[in-house]
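Below: one structure, written as structure tokens.
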Amino acid sequence: MRGPRAPLFLARAVYRQRRWRDAARLLPIFGLFLLLLPLLWGEGSGAGSGSVAVASAGDAGSGGAGVAAKSNSGQVAVYLFGVWALLIGLAAYVAPALAEPEADAPAEDV
Amino acid sequence: MPFNVLVLTSLAYVAFLFVVAFVVERRAMRGEMRFLRSPVVYTLSLSIYCTAWTFYGAVGSAARTGVEFLTIYLGPTLVFVGWWWVLRKLVRIGRRQRVTSIADLISSRYGKSNLLGVLVTVIAVVAATPYIALQLQSVTLSFGAFAASDPQAWAMPGRDATAIWVAAGLALFTILFGTRNLDAKEQHHGIVMAIAVEAVVKLVALLAVGIFVVWGLGGGPSAMIARIEAHVDPQWAMQPGRWAGLIFLSAAAVITLPRMFQVLVVENVDEAHLSRASWAFPAYLFAMSLFILPIAVIGLERMPAGANPDMLVLTLPLHEGQGGLALLAFLGGFSSATSMVIVETIALATMVSNHILMPAWLWLRPQAAVSGNLRGAILLARRLSIIMVLALGLAYFRLSGGSGALAAIGQIAFAGMAQVLPALLGAIFWRGGSKLGALLGLSIGFVTWGYTLFLPSFGAGALISADLLQNGLFGLAWLRPQALFGTGAMDPLIHSIFWSLALNVAGYLIGSLLSFPDPVERIQGAAFVNAFDDELQAERVGWTHGQAEPEALLNMAQRILGEEAAISFFEAEAGAQGKAGFLPDLTPRFLAGLERNLAGSVGAATAHAMISQLFGRATVTVEDLMAVATEAAQIMEYSARLESQQSELSRSARQLREVNEKLTQLSVQKDAFLSQISHELRTPMTSIRAFSEILAEGDLPAVRVAEYGQIIHAEAKRLTRLLDDLLDLSVLENGAVHLDLALSHLGQMIDRALAAASQTRPERNFDIQRDYASEEIHLRTDADRLVQVLINLISNSRKYCDAQAPVLRIAVRQKGGRVVVDFIDNGAGIAKDKQGLIFEKFARLSDDGRAGGAGLGLAICREIMGNLGGTVSYLPGQKGAAFRVSLPLRIEKPQERPMEKPQERPQ
């Protein structure tokens, strides 16, 4: 059904463009990984937070009684915004390379 | 701040938006759309994702659960950053197929099924109604916030009255700009621009409040972080299930929400804009979210306990005495709410009118497709739909009493719309996805969502009884709405998302795997899944056997697209076909293009239905395809038969030609043979006649008489021999020879041959070299005939070998099942150019050694050997004449030799 077979090896420009596309596809996966990472930190083990942390959320009742006066929400927020900015930057870096018209004719593989 | 000023500000703001929308529409109509076509506008229009829920609700959400509010913006960020996966394809498909809404996309992909369109529309309306109510609520609340800050100066109308006024104003705005025209593509430039402006306003407002909070109240960024960390709330801990689940949910929603689909796909004017939006839209979300957490923390610190956290963006500046900032924040929230409602309403109205109202109308009045003012009818349907959607939102707002956190309502809407995701992704990535699967998945998912999330959201006892909530449907504990199959430990939202989507996907897969799609569906499936394969986009099956008149189609198109647009489309198509005038031929290509154009206004299913009404039949049914296939098969069979007949004919012609050539050759040979034979016969006859005449004259001495008698006798003998040879040859050639098969010894046969051949030129003394051991072979053959051949070869050697001391070597070898006998002498041999001739009849190399031979000897040899299943051939390169006789050890039967005469006989 297919037409003439696509060439097995590509010119350098086309090759680079395909790799850009691969990068674009991988970006959200990379981002998801980074965004899920804070879940593994757990309370209190957050970097730099030397103090005793709050009891975990499920541990009802221990929240109030003045166990500690610090949470890692600040760190998590800073981390998340950092990842976010990184993703935006990477996407902005990759997007122009993708927008270029295809150097080759063959149908796009998706 | 007096209430009147607030109202006046809002009205002035709305008037400003009106002007913007109006000017842009005017310019778009004149074709001046440079600015409109910029990616900036596209990105800003995408910001309707940030509704009043973001503007007010995100702060409320952050105040309650900490960083969890970010999930709602991180999901879309992942989708946009990964635009190469899904969005790019969606936009391409949307532009190619002139998709008008998400319901249209689903319906079009699954065989232009209106049933699916209706289902998706219903889901969208049900899911969006609380969402629209949420916007009305937030606007009302924001008015209320001002009222609370200054109770004396207010003569505020009732809460419900405010909501009604807001809804009515939005309906007016939407109708004015949303249904001004029926575009071939459902695009609304004025509204898009107004939304872009509103996007800027809400971003500026939120940033302004945020900057005021961080630098004005919080003491700078690092102090702010310290304050956030100091805020200890067990509710703020990240819950893995909700974190991941909400990221997924918002990612799904950004694709499936009707308003997002509208701006993302339908209003897209250039696919390249998506590439810019892939990072610019996440950046916008980033900016919107940046100050949410600080506002929440400061708000919680400073505001009195019991203040509505959803209104902190507004109440915090008011509390701090920043009236102007509060007004800006109010306008930002107002922008968020109105832009969302306008676009959502347009999207829903398009769906409702295209998939429910118009089909119903066409069903009620079938002749309407042929006559009647369709344009007016469609616009009326749109306007009614807009009013209906807003009325539903208003009704929900009044019913629910404006209760509940904003974020929760938004999440319910997200979860409802996410039910479309499996069918949508299947539509663009899996050709196996079928209509039945989509129907099953969507309805199961919708029902599960309604049962586990939507109905319980009204509270126990409202729409779903407390008893049912506690004990499950029919008292079955495993059917409890918030603990299906005993999964009560899950968060209710995640529980609902999990089960509704799991069952949805299962239904979709099972339905798809078990059903067989009809042809239209399969064609659409291929076109959607292979959206980037240009070859496949060509319409391959469409309207055939047209019965409609081009005039009728033009008439209908005019009533939908508008006179000018329809005529220019028809003219362009006619031009493309190489025809002058306005009426193209009804080629499948033209009809498919027309249908797509109409689909841009009324949706794929309706456009399909309308054209089929003009045609009086559906395009292609399975039966049609079967018939076509059968016809094609018959034609193919017939042509195959013709082809085989033709090749048979040419084969026989070739055979005839060959036979003819052979006959001609034979005739030439026969002539040559006859002339040769008459020559051969005449020579002895001439001498016989001459000598017998002399004898007849008498008076000859007796010595002479005896001598002449002797000559006559010799010549007569020669004649007889010649005739014998000829007879022999003819018998051999006809294959009628009788072979006397017996076992004979090769050495003895060679002895016999040598003895017989010694009569030839007996004066020559030949040295015969033999290897007796190798001759110890018993052959099953006709010994007499074989000896005849051997004699012939040996006498030839005796006759023609011109060496002084002639030597004849006889070499015998056994090779496979054959015996090879070589006769090699030491003479001059036979010249190369003569080697091919010697086995021909009457072939004589010279006349000098004519010892009674007519030149038939070797010809006879060849025929004999052929009869014995062997060959005799000249062996070149042996420094002398060499002949090789090769024959089988045992000849089984007198072989049916291939005769020289052709087998085919005339009869």
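All heavy atoms count here, side chains included; hydrogens, waters and symmetry mates do not. Proteins come first, then strands; the chains are lettered A, B, ... in the order of their sequence lines, and each starts at number 1.
- In this structure, chain A has heavy atoms under 4.5 Å from both the backbone and the side chain of S289(B).
- Among L290(B), I225(B), L274(B), the residue making the largest number of heavy-atom pairs under 4.5 Å with chain A is L290(B).
- Considering every non-hydrogen atom in both S278(B) and A91(A), the closest pair reads O-CB, 4.2 Å.
- Residues G82(B) and P28(A) come closest through the heavy atom pair CA-CG, 3.5 Å.
- For the options L285(B), I247(B), V79(B), heavy-atom pairs under 4.5 Å to chain A are most numerous at L285(B).
- Heavy atoms from other residues, nucleotides or ligands lying under 6.0 Å from CZ of R522(B) number 12 at most.
- Between chain A and the options A251(B), G66(B), P240(B), A280(B), the largest number of non-hydrogen pairs under 4.5 Å is found for P240(B).
- The two residues M238(B) and L39(A) make their nearest non-hydrogen contact at CE-CD2, 3.9 Å.
- Here CZ of R21(A) is found 4.5 Å from CH2 of W84(B). Values are rounded to the nearest 0.5 Å.
- For chain B, the nearby part of L80(A) is the side chain; its heavy atoms alone come within less than 4.5 Å.
- Taking both residues in full, the closest heavy atoms of A77(A) and V67(B) are given as CB-CG1, 3.9 Å, listed atom of the first, atom of the second, then distance.
- Neither the backbone nor the side chain of V83(A) comes within contact range of chain B, judged by heavy atoms closer than 4.5 Å.
- Residues L36(A) and A244(B) come closest through the heavy atom pair CD2-CB, 4.2 Å.
- The number of heavy-atom neighbours closer than 6.0 Å to CZ of F81(A), taken from other residues, nucleotides and ligands shown, is above 12.
- With a 4.5 Å cut-off on side-chain heavy atoms, W279(B) and V94(A) do not count as touching.
- Residues L70(B) and L35(A) fail the side-chain proximity criterion, which asks for heavy atoms closer than 4.5 Å.
- Judged purely by atom type and a 3.5 angstrom limit, W84(A) has no side-chain atom pairing as donor or acceptor with the backbone of L74(B).
- Listed here is the closest heavy atom pair of F286(B) and A85(A): CE1-N, 4.0 Å.
- Chain B forms more heavy-atom pairs under 4.5 Å with one residue of L27(A), I29(A), L90(A) than with any other, namely L27(A).
- Within the 4.5 angstrom heavy-atom criterion, atoms from both the backbone and the side chain of Y73(B) approach chain A.
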